[in-house]
Amino acid sequence: MTDRDRHVRVRIAPSPTGPPHVGNAYIGLFDFVFARHAGGEFALRIEDTDRERSTAESEQAIMEGFKWLGLDWDEGPDCGGPHAPYRQSERSDLYAEHARMLLEKGAAYRCFCAPERLARMRKAQREEGESFGYDGHCRDLGEEEIAAKLAEKAPFTVRLKVPEGGQTGFTDLVRGDVSVPNAEIDDQILLKSDGFPTYHLANVVDDHLMEISHVIRAEEWISSTPKHVLLYGAFGWEAPTFVHMPLLRNKDKTKISKRKNPTSLLWYREQGFLPAALRNFLALMGWSMGEDREIFSTEEMIHGFTWDRIKTSGPVFDMQKLEWMNGEYIRATPPDELLQRILEEPYTTRVDEPAEKLLEIVKLIQERINRLADFDEQTNFFFEREDYDAEELIPRKQDAAFTRDVLDAIGRKLGSVEEWATEPLELAMRELADELDCKRGALYMPLRVAVTCRRVSTPLFETMEILGRDECSERLGIAARKVGALVED
RNA sequence: GGCCCCAUCGUCCAGUGGUCUAGGACACCGGACUUUCGAUCCGGCAACCGGGGUUCGACUCCCCGUGGGGUCACCA
């Protein structure tokens with residue numbers, strides 16, 4: 001590459017028109033990793049040139065989302081930097097000035113066409129089956145004509161004057177040479193009639209002024225890159241290196257969308273995906289370590305990062321695999337740290353419970369949840385008695401009378417347990433099974449349901465220890481009455 | 001439709017001309033362990049889009065087709 005020695009500076013440039021998008025985070029991860037790998041800088045630039053749709057809340061959410069994911073930027077609207085401001089709405093003069101430069105050089109021209117005319121033009125093109133694009137109506141207006149329009153304060157846009165013939169191309173770092181006939185490139189609007197720039201102008205101007213060395217962005221931008229190349233050329237600037245990452249896909253292979261997939265970073269946080277797990281998963285969607293390793297830290301990725309391990313085909317975002325991976329991370333987290341995370345967000349409503357009790361519960365639940373948000377649902381019975389059907393108490397191939405007797409026997413046996421702890425409890429129940437000459441399962445199921453109110457729960461005796469003697473015997477009493485009522489019938 | 005990008009198991013990721021009867025993971029299906037679920041361990045299922053080249057030899061290189069995707073806004 002010609003820029004081998006160039007100091008690495010990358011940027012993520014989200015548009016604050018909605019919640020932070022997972023696709024943005026995906027690109028941001030690669031920006032972050034590459035910058036760290038190369039000892040360069042990573043900037044966050046807010047592209048709020050769409051005045052209709054940009055909101056301050058969205059900008060805030062984007063920063064929160066990125067921060068949560070752990071993608072720390074070195075320069076941005078919140079922390080400033082050598083090329084501030086990092087919000088495009090605050091750089092309007094710059095763009096207008098540069099548009100003027102282009103006008104003077106003859107690389108751009110004023111277009112006075114009204115939106116209605118453009119709409120009509122497009123409609124006609126569609127009907128004729130012609131190729132689309134601006135028809136060049138204002139491309140060669142005379143000096144006087146322009147002066148007259150300007151005098152009457154007619155609104156206008158500034159368009160890029162794309163050369164008639166030839167080709168425009170660039171070398172994508174991971175895809176190689178890409179080039180397009182200039183005839184295919186539209187005379188793109190650079191400056192809107194409201195005086196704000198379009199993405200194309202603002203992007204090129206800022207990337208140059210901010211000394212961005214590598215433009216890492218999604219594949220959907222490939223088709224407009226030639227326009228950008230033309231712009232760099234018109235300004236007499238050296239273009240940055242382009243890298244187009246594959247697009248994240250829905251199950252049907254179309255580009256990921258919120259209709260078919262959760263795309264908000266905030267959602268992933270709410271669900272309790274661990275940032276490290278999500279980063280690992282996202283990394284795997286475009287990059288691999290080799291050696292068939294799928295679980296790796298961002299730190300490891302930074303160390304081993306190379307562009308030639310980037311994939312160019314679009315990966316389907318597989319939520320099941322993400323869940324599995326998140327589960328792996330959850331299981332690998334020390335229980336006290338896990339509890340900390342659960343309490344921080346918080347993913348539980350049980351924030352006022354004693355920490356020691358919560359920690360014991362976390363140990364039991366850790367290997368059976370894949371999202372932190374699953375915590376409450378799976379541990380509810382530790383905190384409140386849940387209602388359940390008396391039938392649930394009855395083990396397979398047994399009846400209510402048997403169950404009532406077993407429950408009574410359990411109650412009595414438990415009364416003789418001196419130390420209310422996992423080991424002694426299990427020992428006692430084993431003894432009881434022998435005494436009653438029944439299978440352990442037939443004993444444990446009624447006990448489990450009586451104590452946890454569920455057929456599926458955390459390990460029985462550990463759970464009983466946490467619940468405590470009093471609560472257990474109360475619940476046993478309730479269960480006995482429930483099943484007793486069945487016997488009466 | 002024009003242009004552009006892409007093409008290995010259902011999905012994710014390896015494979016960079018011979019070591020491929022193609023490897024790992026998720027999911028799925030069995031089995032083991034087990035007080036339920038889960039976790040864990042073991043095993044199974046399952047792919048090089050098609051056709052031409054190049055070559056002693058192609059999953060790997062080239063071309064064409066096919067398929068999928070993106071893009072054609074005063075949105076990014």
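Reminder, nothing fancy here: chain letters follow the sequence lines and each chain counts from 1.
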Practice task
Pick base, sugar-phosphate or nothing for A:E328, based on heavy-atom distances below 4.0 Å to the nucleic acid.
Solution key: sugar-phosphate
Practice task
Could you measure between the two C1' atoms, the one in B:rC3 and the one in B:rG15, and give it in whole Å?
Solution key: 32 Å
Practice task
Check whether any side-chain N or O of A:N280 sits under 3.5 Å from a backbone N or O of A:S297 as a donor-acceptor pair, and report yes or no.
Solution key: no
Practice task
Under the ring pair (Phe, Tyr, Trp, His ring centres under 6.0 Å) rule, collect the residues that match up with A:F170, sequence neighbours excluded.
Solution key: A:F242, A:H244
Completion exercise
Pairing partner of B:rU40, by Watson-Crick or G-U wobble and under 3.5 Å for both distances, is B:rA32
Fill in the blank from the handout: Of all heavy-atom pairs linking A:A43 and A:Y86, the shortest is CB-CE2, 4.3 Å
Exercise for the section: Measure from CZ on A:F170 to P on B:rC4 and round the result to the nearest Å. Expected result: 12 Å
Exercise for the section: With sequence neighbours left out, write down each residue that passes side-chain hydrogen bond (donor to acceptor under 3.5 Å, both in side chains) with A:R175, or none if nothing qualifies. Expected result: none
Problem - B:rC26 - base-pair partner by Watson-Crick or wobble geometry, distances under 3.5 Å - result: B:rG10
Exercise for the section: Kindly check if the number of other-residue, nucleotide or ligand heavy atoms within 6.0 Å of CD (A:E423) is above 12? Expected result: no
Handout entry: Distance, C1' atom - from B:rG1 to B:rC61, rounded to whole angstrom
Key = 32 Å
Practice task
Between B:rC29 and B:rG65, how far apart are the C1' atoms? Round to whole Å, please.
Solution key: 38 Å
Problem - Rounded distance in Å between the P positions of B:rC9 and B:rA47 - result: 9 Å
Can you name the atoms? Protein N/O to nucleotides 41-50 of chain B N/O, anything below 3.5 Å, with the distance.
none

Practice task
Indicate, with a heavy-atom threshold strictly under 4.0 Å, whether A:T49 touches base, sugar-phosphate, or nothing.
Solution key: sugar-phosphate
Practice task
Output, in order, the C-alpha distance, side-chain angles, deciding distance and verdict of side chain to side chain donor-acceptor pair (under 3.5 Å) for A:T458 and A:R368.
Solution key: CA-CA 9 Å; A:T458 44; A:R368 54 206 94 215; over 6 Å; no
Exercise for the section: With heavy atoms under 4.0 Å as the rule, sort A:R331 into base, sugar-phosphate or nothing. Expected result: sugar-phosphate
Practice task
Quick one: label A:T17 by what it contacts on the DNA or RNA (base, sugar-phosphate, nothing), any heavy atom closer than 4.0 Å.
Solution key: nothing
Exercise for the section: Calculate the interatomic distance between A:D172 atom CG and B:rG70 atom C1'; express it in whole Å. Expected result: 14 Å
Practice task
Could you check how far CG of A:D252 sits from P of B:rG68, rounded to whole Å?
Solution key: 12 Å
Handout entry: Separation of B:rC5 C1' from A:K255 NZ (nearest whole Å)
Key = 14 Å
Handout entry: P atoms of B:rA14 and B:rC28, separation to the nearest Å
Key = 24 Å
Fill in the blank from the handout: Rounded to whole Å, the CG-P distance (A:D50 to B:rA73) equals 16 Å
Completion exercise
Pairing partner of B:rA58, by Watson-Crick or G-U wobble and under 3.5 Å for both distances, is none
Exercise for the section: Before accepting this row, confirm whether a basic side-chain N of the pair A:E291/A:R309 lies closer than 4.0 Å to the acidic partner's carboxylate O. Expected result: no
Problem - Atom-to-atom span, CD1 of A:I256 to C1' of B:rG69 - whole angstrom - result: 14 Å
Problem - Closest-nucleotide ordering on RNA chain B, the 5'-leading residue of A:S179 and A:R159 - result: A:S179
Exercise for the section: Quick one: label A:D186 by what it contacts on the DNA or RNA (base, sugar-phosphate, nothing), any heavy atom closer than 4.0 Å. Expected result: nothing
Exercise for the section: Encode nucleotides 30-36 of chain B as B, S and - characters from 5' to 3', where the letter depends on protein heavy atoms closer than 4.0 Å: B to the base, S only to sugar-phosphate, - to neither. Expected result: -----BB
Exercise for the section: With a 3.5 angstrom cut-off on both distances, give the Watson-Crick or G-U wobble partner of B:rU16, or none if there isn't one. Expected result: none
Fill in the blank from the handout: Applied to residues 198-207 of chain A, the salt bridge (Lys or Arg N to Asp or Glu O under 4.0 Å) test, sequence neighbours excluded, yields A:R11-A:D207, A:R45-A:D206, A:R45-A:D207, A:R91-A:D206
Problem - side chain to side chain contact (heavy atoms under 4.5 Å, CB included) against A:S58, all qualifying residues, sequence neighbours excluded - result: A:P16, A:T55, A:I62
Practice task
Take atom CZ of A:R217 and atom P of B:rC5, then tell me their distance rounded to the nearest Å.
Solution key: 15 Å
Exercise for the section: Please identify each residue that fulfils ring pair (Phe, Tyr, Trp, His ring centres under 6.0 Å) with A:H21, with sequence neighbours left out. Expected result: none
Handout entry: Gap separating the OG atom of A:S288 from the CZ atom of A:R293, nearest 0.5 angstrom
Key = 12.0 Å
Practice task
Flag the pair A:Y444 / A:F461 as yes when their ring centroid distance falls below 6.0 Å, and as no otherwise.
Solution key: yes
Problem - Same-atom distance (C1') from B:rC45 to B:rA22, integer angstrom - result: 16 Å
Fill in the blank from the handout: Hits for ring pair (Phe, Tyr, Trp, His ring centres under 6.0 Å) against A:F375, two or more places apart or cross-chain, chain-then-number order -> none
Practice task
Can you label the angle between the A:W221 ring and the A:H228 ring as parallel, tilted or perpendicular, going by 30° and 60°?
Solution key: tilted
Handout entry: Under the side-chain hydrogen bond (donor to acceptor under 3.5 Å, both in side chains) test, residues paired with A:D408 that sit two or more places apart
Key = none
Exercise for the section: Can you label the angle between the A:F281 ring and the A:F317 ring as parallel, tilted or perpendicular, going by 30° and 60°? Expected result: perpendicular
Exercise for the section: With sequence neighbours excluded, tell me which residues meet ring pair (Phe, Tyr, Trp, His ring centres under 6.0 Å) with A:Y232. Expected result: none
Exercise for the section: Can you tell me the distance, in whole Å, between the CD atom of A:Q366 and the P atom of B:rC37? Expected result: 20 Å
Exercise for the section: Select base, sugar-phosphate, or nothing to describe what A:P446 touches, counting heavy atoms under 4.0 Å on all strands. Expected result: nothing
Completion exercise
Using Watson-Crick geometry (N1-N3 plus N6-O4 or O6-N4) or G-U wobble (N1-O2, O6-N3), each under 3.5 Å, B:rC3 is paired with B:rG70
Practice task
Respond yes when some side-chain nitrogen or oxygen of A:R53 is under 4.0 Å from OP1 or OP2 of B:rA73, and no when none is.
Solution key: no
What pairs of nitrogen or oxygen atoms, one from the protein and one from nucleotides 6-13 of chain B, lie under 3.5 Å apart?
residue : atom : partner : partner atom : Å
B:rC12  : OP1  : A:V316  : N            : 3.0
B:rC12  : O2   : A:E294  : OE2          : 3.4
B:rC12  : O2   : A:K321  : NZ           : 3.0
B:rC13  : OP1  : A:M285  : O            : 3.2
B:rC13  : O3'  : A:S288  : OG           : 3.4

Practice task
Assign each of A:I222 and A:P115 to its nearest nucleotide of RNA chain B by heavy atoms, then name whichever residue's nucleotide is nearer the 5' end.
Solution key: A:I222
Problem - Interatomic distance at C1', B:rU16 relative to B:rG23, whole Å - result: 15 Å
Handout entry: Pairwise C1' distance for B:rU8 and B:rC48, with rounding to whole Å
Key = 4 Å
Identify the pairs formed between an N or O of the protein and an N or O of nucleotides 60-64 of chain B at a distance under 3.5 Å, and give each distance.
none

